[in-house]
Protein chains: 2
Amino acid sequence: MSIPRSKNVTIKEIAAHCDVSPSTVSLVLNNSPKIKASTRERVMKMVDKLDYQPNQMARSLVSRRSKCLSVTVPNLTHVFSDVYFGEIISGIYQEANLSGYKILLDIAQEKFIGDKEYLNILRNRRADGMVYIASTIEDRFLLEFEEQPYPLLLVNHYFPKSQLNFLSVDYKKAAQLAASHLLELGHRRIGLIIGTNTFTGLDFRDTFLEVCEGQGIEKKDLPWCGVKDWDEQEGYEMTKKMLARHPDLTAIMAGNDRMAIGAIRYLSNMNLRVPEDVSVMGMDDIPSARYTNPGLSTLHMDFFRLGELSCRHLLNLLEGKERECRELKEPHLVLRESTGPAKPDLQSSF
Amino acid sequence: MSIPRSKNVTIKEIAAHCDVSPSTVSLVLNNSPKIKASTRERVMKMVDKLDYQPNQMARSLVSRRSKCLSVTVPNLTHVFSDVYFGEIISGIYQEANLSGYKILLDIAQEKFIGDKEYLNILRNRRADGMVYIASTIEDRFLLEFEEQPYPLLLVNHYFPKSQLNFLSVDYKKAAQLAASHLLELGHRRIGLIIGTNTFTGLDFRDTFLEVCEGQGIEKKDLPWCGVKDWDEQEGYEMTKKMLARHPDLTAIMAGNDRMAIGAIRYLSNMNLRVPEDVSVMGMDDIPSARYTNPGLSTLHMDFFRLGELSCRHLLNLLEGKERECRELKEPHLVLRESTGPAKPDLQSSF
DNA sequence: AAAGTCCTTTAAAACGTTTGAACTTTCACT
DNA sequence: AGTGAAAGTTCAAACGTTTTAAAGGACTTT
């Protein structure tokens, strides 16, 4: 079992059987146009007959390409159970697969960072490039890549002022869409729950508050609180905390759907109706957003597609087809039942 | 950006700087005891100084080991969002990491099967071994591995009568535990919802029914229905279907927690109380099982640990430390609030 | 008939390691 | 001083490809 003793068929054997040189076989296998059709055919027949499989290590050694892409995710508990990461990874896999690339999985644990594996994996050619999903403002080690010749692409995050490549949803745009929607519904006191450990999260917060203030809402009516794990639990807790201090909020804006779900759960536990008493808005449009009760109004972001695109861009970068990638994808509103007109304001003067 | 032009430091350069031969450097790097301490030190110093990184491709070429493990998952939508797969993968990653192995991700899509990539990935040495998570009875292509010299380990599934290695939860034992629990609570009409596309699922069903019938329950009071996707949706639908036909069921046994959650959702929609009117039992003990309302009685299976163990076994297999692996892990009962005494039976004669 | 051109094929040198066998040095023991 | 074993080091041949420059043939062109 341990190591297969049966020697594998090599290019040389194919060559011998076909009375050609190994070089010819290699050229055939690489679809070189230099080879005569009849020769090609003869070789291919033998390849099939002997069930030849190219040895990837040998190939990589000389071509200096492993044909692997590293996909790195943050070290969160249950990171692989999060539909957000799941969708992006699936998309990356799909696109990589089309180009014959394999996906090498990595988790940015202490050892990964401490031992500089993020660099070494590229240096010793285990992977030709890396896509890093949802880094945080703490992942400053990534800035090293500004001086390293290895292709790196950040997905759904970026570092302001850095030269690092990224592909992300446009969270400023998202904030505008969400804020406008809530304002149009007449909301004037809105609580915001958002992760503050990413630059994209900070962008969302700042833009959201700006837009609201631009419409004359006062700062004191825009409480917000920062979270770290972006999960249902935090949505629940933060909603509780905010309502305790600001019982007159008419809307909650959550930084993602999971937190929005937590918010809704708290509200219904408190016998507050959504959206009649409080509107709740999410972000991401994960599959379960349509199965919540009430259905969740949110911002749609196609993470599978984002994964596909990010992989495509990374491949372009490492094939030299692109020099840099700093792209934003637009989200769009998906309105379901969890947002509605603000409750008439009893304290107001009209 | 595309290909780093700066030649990497090689073993030869280290050798030259240290006035030793490349072989010596290699031996040092591989911790050979043959090398004098002073030489080792001198070499290591230079390795640090020049920031040398071994070229993995060259290593693999001669050692015939890629130091990669393939992890293959079935082609389900959102497979990476399922905590079940997520936990197993995390466990595998953890253990592989300790031994310096990387994880190569694969999804058993049509192309993967049609092009025999499951074999080729091992033949052309992209991976040294494969762990296949949760295969189904349809994945018969795996039987090819009975005649192939490559290490394969099935996780949480197996093929009866085959020689394939596996590591799985003991679903027969699980069925015994679950059935006994429900019988002890006095349930005499139990509906079973379970996936019938895996041999482990079939084992569960058969054992569950056997145990119940062994306690004198009639077949007609043990309706069951088979599912394919094992998700909340199916749990919901099947509960609906079964209750329509057997309105007097006092308990629902679901093949996993996700389906149990679906079942509970349907029951509360119908204003049936859990467990007063109908008990619901799940299987897996996923994190959210403790947050359902009521808390879910279920069977605990440590999937992270299962992942770790399966990786360990696979590594043992390919290092020749084990010749075969056909192991079952025992689940154990976790009783929360979703199961309770059966409703007194009005139609019964005592 | 020599020279030039085009089309195919090939020889040979990489790529950067590992590893068994051979070689050299050291050192204990006669 | 000579012998032999033990310890440490090196040689050289792999591993299985890709790739560049060159060779070989067939065919035109002068």
Side-chain angles (χ1 to χ4, degrees), chain A residues 3-44 46-47 50-67 100 120 122-126 128, chain B residues 3-44 46-47 50-67 100 120 122-126 128:
Chain A
I3 292 197
R5 23 200 83 338
S6 62
K7 257 172 91 73
N8 271 326
V9 180
T10 73
I11 226 171
K12 285 186 193 170
E13 291 171 55
I14 305 280
H17 279 84
C18 292
D19 273 321
V20 293
S21 74
S23 324
T24 306
V25 178
S26 172
L27 291 171
V28 169
L29 290 169
N30 290 291
N31 288 313
S32 162
K34 297 200 260 178
I35 302 294
K36 218 191 336 182
S38 65
T39 314
R40 149 162 294 123
E41 208 175 312
R42 196 149 44 94
V43 170
M44 286 313 284
M46 192 55 64
V47 164
L50 300 188
D51 199 12
Y52 165 81
Q53 277 287 315
N55 179 314
Q56 186 59 41
M57 332 262 58
R59 283 191 155 175
S60 299
L61 182 57
V62 26
S63 69
R64 309 168 140 302
R65 284 282 169 84
S66 63
K67 281 275 192 175
N120 294 339
L122 294 166
R123 288 217 296 160
N124 67 25
R125 295 266 149 228
R126 301 206 61 147
D128 298 334
Chain B
I3 290 197
R5 23 201 83 336
S6 61
K7 258 173 91 74
N8 271 325
V9 180
T10 73
I11 226 172
K12 284 187 192 166
E13 290 170 55
I14 305 281
H17 280 85
C18 293
D19 271 322
V20 294
S21 74
S23 323
T24 305
V25 179
S26 172
L27 290 171
V28 168
L29 291 169
N30 291 291
N31 286 312
S32 162
K34 297 200 259 178
I35 302 294
K36 221 194 328 187
S38 66
T39 314
R40 148 162 296 123
E41 206 175 315
R42 195 150 44 94
V43 171
M44 286 313 284
M46 192 54 64
V47 163
L50 301 188
D51 198 12
Y52 164 80
Q53 277 288 313
N55 179 314
Q56 186 59 40
M57 333 263 57
R59 281 192 155 174
S60 300
L61 183 57
V62 28
S63 68
R64 309 168 138 301
R65 284 282 169 82
S66 63
K67 281 277 194 171
N120 294 338
L122 293 165
R123 288 219 294 161
N124 67 25
R125 294 265 149 231
R126 301 206 60 149
D128 297 336

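To find a chain, count down the sequence lines: A is the first, B the second, and so on, and within it residues start at 1. Reckoned from all heavy atoms, side chains included, excluding hydrogens, waters and symmetry mates.
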Once each nucleotide of nucleotides 15-21 of chain D is scored for protein heavy atoms under 4.0 Å, what B/S/- sequence comes out, 5' to 3'?
BBBBB--
Between the side chain of B:Arg59 and the main-chain N/O of B:Arg65, is any donor-acceptor distance below 3.5 Å?
no
Pairwise distance NZ(A:Lys34) to OG1(A:Thr24) - rounded to 0.5 angstrom
10.0 Å
Nearest-Å distance, CG (A:Asp19) to C1' (C:dT8)?
16 Å
Sequence-distant partners of B:Arg123, salt bridge (Lys or Arg N to Asp or Glu O under 4.0 Å), two or more places apart
A:Asp51
Without swapping roles, check the side chain of A:Arg126 against the backbone of B:Lys67 for a donor-acceptor pair under 3.5 Å.
yes
With a 4.0 Å cut-off on heavy atoms, is A:Ser60 in touch with a base, just the backbone sugar-phosphate, or nothing at all?
nothing
Taking B:Arg40 for its side chain and B:Ser32 for its backbone only, find out whether a donor-acceptor pair lies under 3.5 Å.
yes
